[in-house]
Amino acid sequence: MSKSLDTSTTETEQTVTEVIDTVVATTPDVRRAIADHRGQSNSVNPTGDDQLAADLRADELFEQRLLGIDGVATYASEERADVKTTDGRLHVAMDPLDGSSNLEPNSGMGTIFGVYSEQPPTVGTNLLAAGFVIYGPITSMVVARKGSVREHILEDGDKRVVDDDVTVPEDPTVFGFGGGVDSWTDEFQSYAEEVRHELKLRYGGAMVADINQVLTYGGIFSYPALESRPEGKLRVQFEGQPMAYILESAGGRSSDGDQSLLEVEPDELHERTPLYLGNDDLIDRLEATVD
Ligand code: AHM
Ligand code: MG
């Protein structure tokens with residue numbers, strides 16, 4: 001490797017580290033925002049979901065902190081129409097507060113982030129790292145980077161590794177499917193019927209926590225294509241691709257029903273996708289059924 005390539009690789013890795021550390025350092029403020037900004041904001045995000053005050057506050061916190069990193073060129077999020085740009089080489093895409101409808105019943109929610117080498121909208125193979133935070137009984141974070149996946153406990157803006165090799169367990173145990181039985185396609189209904197006889201239902205209304213169940217126990221999470229909404233609910237860039245990067249790095253699979261979510265090339269920043277994430281065999285069977 002030439003000296004300049006070597007330097008740019010080192011700078012890239014440094015920036016990725018800074019992004020991860022900045023997300024960690026911001027989590028105490030996001031937890032405070034969850035407690036202090038419980039109301040509606042009377043606005044909707046670019047995909048038409050109602051925004052809570054906490055969604056906007058989390059977005060503002062991450063935008064300010066992450067764009068403050070020298071190497072970060074752009075910040076894109078589920079909560080804002082346009083990409084915010086400055087100078088730098090890497091690009092961050094986020095769902096600042098995933099599962100915020102869980103705020104009212106005080107159930108788990110989280111933050112999802114992806115660090116890309118190209119500005120979104122872009123294909124998932126341009127991901128350099130991805131992670132999610134869960135604001136549950138404790139704050140935890142799972143990060144995938146350079147082929148390995150680590151789980152951390154976060155305290156006072158610092159992280160402590162609790163598992164340095166997160167892998168999807170071979171024997172699956174849990175499933176969680178969004179959207180409601182009557183809104184599913186006939187093909188997905190027949191797949192779900194098979195799966196519900198094999199696995200145990202775990203669906204909490206926040207993808208971050210439901211995906212962490214799959215990482216912990218093995219299984220499948222899906223927000224599928226719906227009869228009335230073939231594109232599903234969740235967003236490629238902010239939810240689908242970062243989670244796909246994590247699951248695939250942990251030995252699992254991701255799919256939009258047809259191909260890996262990492263192969264999807266969104267035309268629009270806020271594009272949605274049907275989403276299936278879990279053990280290899282469960283995704284194979286899913287693709288064979290919904291094809
Ligand atoms: P959000 O990003 O606006 O919170 O929406 C995403 C969430 C996911 O975390 C979760 O899997 C899904 O929406 C739940 O939707 P539903 O309430 O339809 O079950
Ligand atoms: Mg979300």
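Along the sequence shown, residues carry numbers from 1. Counting convention: from 1, in listed order, for ligands and their atoms alike. What you see is a predicted model; the values in this text were computed from it and never measured.
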Taking distance alone, with no angle check, do [X] and ligand 1 share an N/O pair under 3.5 Å?
{"X": "S101", "answer": "no"}
{"X": "G99", "answer": "yes"}
{"X": "D210", "answer": "no"}

Compute whether any side-chain donor of one residue and acceptor of the other, for Y276 and E287, lie under 3.5 angstrom apart.
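Their side chains do not contain a donor-acceptor pair, so the 3.5 Å distance test is not met.
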Is there a donor in the side chain of T74 and an acceptor in the side chain of Q119, or the other way round, less than 3.5 Å apart?
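No - no donor-acceptor pair under 3.5 Å links their side chains.
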Could you list the atoms of ligand 1 found under 4.0 angstrom from a heavy atom of [X]?
{"X": "G205", "answer": "9 (O), 10 (C), 14 (C)"}
{"X": "E78", "answer": "1 (P), 2 (O), 3 (O)"}
{"X": "M207", "answer": "8 (C), 9 (O), 10 (C), 11 (O)"}
{"X": "A206", "answer": "9 (O)"}
{"X": "D49", "answer": "3 (O)"}
{"X": "S100", "answer": "4 (O)"}

Is E193 atom CD crowded by more than 12 heavy atoms from other residues, nucleotides or ligands, each under 6.0 Å away?
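Above 12, so yes.
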Ligand 1 contact on [X] by region, counting heavy-atom pairs under 4.0 Å:
{"X": "D95", "value": "side chain"}
{"X": "R235", "value": "side chain"}
{"X": "E239", "value": "side chain"}
{"X": "L234", "value": "side chain"}
{"X": "F221", "value": "side chain"}
{"X": "D98", "value": "both"}

Are Y203 and ligand 1 in contact, using a heavy-atom cut-off of under 4.0 Å?
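Yes; Y203 lies near enough to ligand 1 that a heavy-atom distance drops under 4.0 Å.
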Any G178 heavy atom less than 4.0 Å from ligand 1
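Contact absent.
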Ring centroid separation Y75 to H91 under 6.0 Å
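Y75 vs H91: aromatic centres not under 6.0 Å.
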Are F188 and F177 near enough that their ring centres are under 6.0 Å apart?
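Between F177 and F188, which both carry aromatic rings, the centre distance is below 6.0 Å.
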Can you tell whether the side chains of [X] and [Y] come within less than 4.0 Å, N to carboxylate O?
{"X": "D256", "Y": "R272", "result": "no"}
{"X": "R150", "Y": "D163", "result": "no"}
{"X": "E198", "Y": "R285", "result": "yes"}
{"X": "R253", "Y": "E248", "result": "no"}

Using side chain to side chain contact (heavy atoms under 4.5 Å, CB included), reason through I34 and L97 one step at a time and then give a plain yes or no.
CA-CA 9 Å; I34 291 169; L97 198 53; 4.0 Å; yes
Side chain to side chain contact (heavy atoms under 4.5 Å, CB included) between Y217 and R202, intermediate numbers included
CA-CA 11 Å; Y217 303 118; R202 290 283 182 100; 3.8 Å; yes
Selection from M109, K233, E79 by shortest heavy-atom distance to atom 12 (C) of ligand 1
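Heavy atom nearest to atom 12 (C) of ligand 1 belongs to K233.
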